[in-house]
Amino acid sequence: MITHPSRHCAVELQALPSRIGQVRRIVSAQLRYWHMDSLIDRASLGVTELLSNVHRHARPDKTCTVEIELLLDRLKVSVRDHDPRLPVLADAGPLATCGRGLAMVAALSESWGAAPDGESGKTVWFTLSTPSATAAPAGDRQPRITADEPADHRFAEIALVEHTTEDRHSERAPARSAVPG
């Protein structure tokens with residue numbers, strides 16, 4: 001995915017309890033800088049859970065990289081570590097004292113996942129819709145292909161059009177690539 005350099009932040013650290021709080025503060029400050037204050041609580045909770053999993057489960061070491069990317073319509077938070085074992089979403093019983101972290105990440109996010117990172121690690125990530133992406137109710141958005149691109153452009157662009165009952169004239173929202181990913 002393409003991001004603008006000012007829309008990306010990465011921190012490498014040891015996933016120790018004292019460092020997890022520092023990363024939460026970094027994520028919060030970066031989201032305030034991007035004027036995404038409404039995402040701070042969910043992003044902080046999600047990154048805390050992912051870093052706690054690295055602290056608790058990762059082998060051979062606790063070194064990891066946290067990345068946050070502000071994409072066109074969502075925030076992506078990812079944690080890459082050196083343990084190739086993928087996490088498993090467990091069904092924690094009512095008396096269990098752990099095992100609910102990934103379920104919480106799944107509940108607070110738009111999407112989440114884990115992917116191998118070569119033979120020596122993995123990346124676990126989640127996304128949150130940005131406030132501008134959730135501004136209009138889903139029923140008021142209709143996809144439309146725009147013809148603003150030059151004829152030799154390789155991909156069509158899709159824009160979301162918002163309609164109101166007072167004004168049936170469409171206004172274009174930011175264009176999205178028709179190519180997935």
Side-chain angles (χ1 to χ4, degrees), residues 1-56 58 61-83 87 100-115 117 121-138 140-141 143 146 148-149 155 157-162 171-181:
M1 295 184 194
I2 298 173
T3 61
H4 187 278
S6 66
R7 302 294 186 173
H8 180 263
C9 177
V11 178
E12 187 171 351
L13 68 139
Q14 291 287 319
L16 303 172
S18 62
R19 297 295 311 236
I20 294 171
Q22 290 174 334
V23 172
R24 272 197 313 267
R25 287 187 292 279
I26 291 168
V27 167
S28 296
Q30 188 65 53
L31 290 175
R32 274 193 287 287
Y33 178 75
W34 288 338
H35 305 288
M36 296 286 158
D37 298 45
S38 63
L39 301 180
I40 291 173
D41 290 340
R42 290 184 297 147
S44 296
L45 178 58
V47 79
T48 298
E49 291 303 325
L50 297 185
L51 288 173
S52 296
N53 283 349
V54 173
H55 175 69
R56 176 171 268 186
D61 60 43
K62 308 300 180 193
T63 303
C64 64
T65 302
V66 175
E67 291 185 78
I68 57 174
E69 297 175 280
L70 186 56
L71 305 167
L72 183 63
D73 61 347
R74 67 191 176 280
L75 177 76
K76 181 178 182 183
V77 179
S78 58
V79 175
R80 183 176 49 238
D81 65 39
H82 298 274
D83 189 341
R100 292 181 180 85
L102 285 177
M104 196 174 340
V105 169
L108 68 84
S109 65
E110 177 183 282
S111 62
W112 77 278
D117 188 13
K122 68 178 169 299
T123 301
V124 182
W125 55 269
F126 65 91
T127 63
L128 301 172
S129 293
T130 58
S132 60
T134 59
D140 292 340
R141 295 178 171 197
T146 63
D148 294 341
E149 297 295 322
F155 305 107
E157 296 290 322
I158 296 178
L160 290 177
V161 181
E162 298 179 19
E171 292 183 23
R172 287 192 206 161
R176 296 181 180 200
S177 173
V179 178

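The first residue in the sequence is number 1, and the count goes up from there.
Looking at every heavy atom in both residues, Trp125 comes nearest to Ala114 through NE1-N, 4.0 Å. Heavy atoms only, all atoms of each residue included: Val105 and Gly46 are closest at CG2-O, 4.1 Å. Contact detail for Ala43 and Phe126: the closest heavy-atom pair is O-CZ, 3.8 Å. Here the closest non-hydrogen pair linking Val124 and Pro87 is CG2-CG, 3.9 Å. Taking each heavy atom of Arg32 and Asp37 in turn, the nearest pair found is CG-OD2, 3.5 Å. The shortest non-hydrogen separation linking His55 to Leu16 is ND1-CA, 4.1 Å.
Heavy atoms from other residues, nucleotides or ligands lying under 6.0 Å from CG of Asp61 number more than 12.
Rounded to the nearest 0.5 Å, atoms SG (Cys9) and CD1 (Ile68) are 4.5 Å apart. Taken from CD in Glu49 to CH2 in Trp112, the straight-line distance is 12.0 Å, to the nearest 0.5 Å. Annotation: the span from Leu71 atom CG to Asp73 atom CG amounts to 7.5 Å, rounded to 0.5 Å. The CG atom of Leu31 sits 10.5 Å away from the CG atom of Asp41 when rounded to the nearest 0.5 Å. Note that the CZ atom of Arg24 and the OG1 atom of Thr48 stand 4.0 Å from one another [nearest 0.5 Å]. Here CG of Asp81 is found 8.0 Å from OG1 of Thr123. Values are rounded to the nearest 0.5 Å.
Qualifying side-chain contact (heavy atoms from CB on, under 4.5 Å) partners for Glu67, counting only residues two or more places apart in sequence or in other chains: His8, Ala10, Thr65, Ser78, Arg80.
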Next on the checklist: Could you walk me through whether Gln30 and Val27 satisfy the side chain to side chain contact (heavy atoms under 4.5 Å, CB included) test, starting with their C-alpha distance in whole Å, then the side-chain angles of each, then the deciding distance to 0.1 Å, before giving a yes or no?
Outcome noted: CA-CA 5 Å; Gln30 188 65 53; Val27 167; 5.9 Å; no

Checklist entry - Which is it for Glu110 and Leu128 under the side chain to side chain contact (heavy atoms under 4.5 Å, CB included) test, yes or no, and what are the steps along the way? => result CA-CA 5 Å; Glu110 177 183 282; Leu128 301 172; 5.9 Å; no

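Under the 4.5 Å side-chain criterion, counting only non-hydrogen atoms from C-beta, Trp34 is not in contact with Thr130.
Side-chain N/O atoms of Gln22 and Arg19 include a donor and acceptor closer than 3.5 Å.
Judged purely by atom type and a 3.5 angstrom limit, Lys76 has no side-chain atom pairing as donor or acceptor with the backbone of Glu69. Without hydrogens or angle criteria, Lys122 side chain to Asp83 main chain gives a donor-acceptor distance under 3.5 Å.
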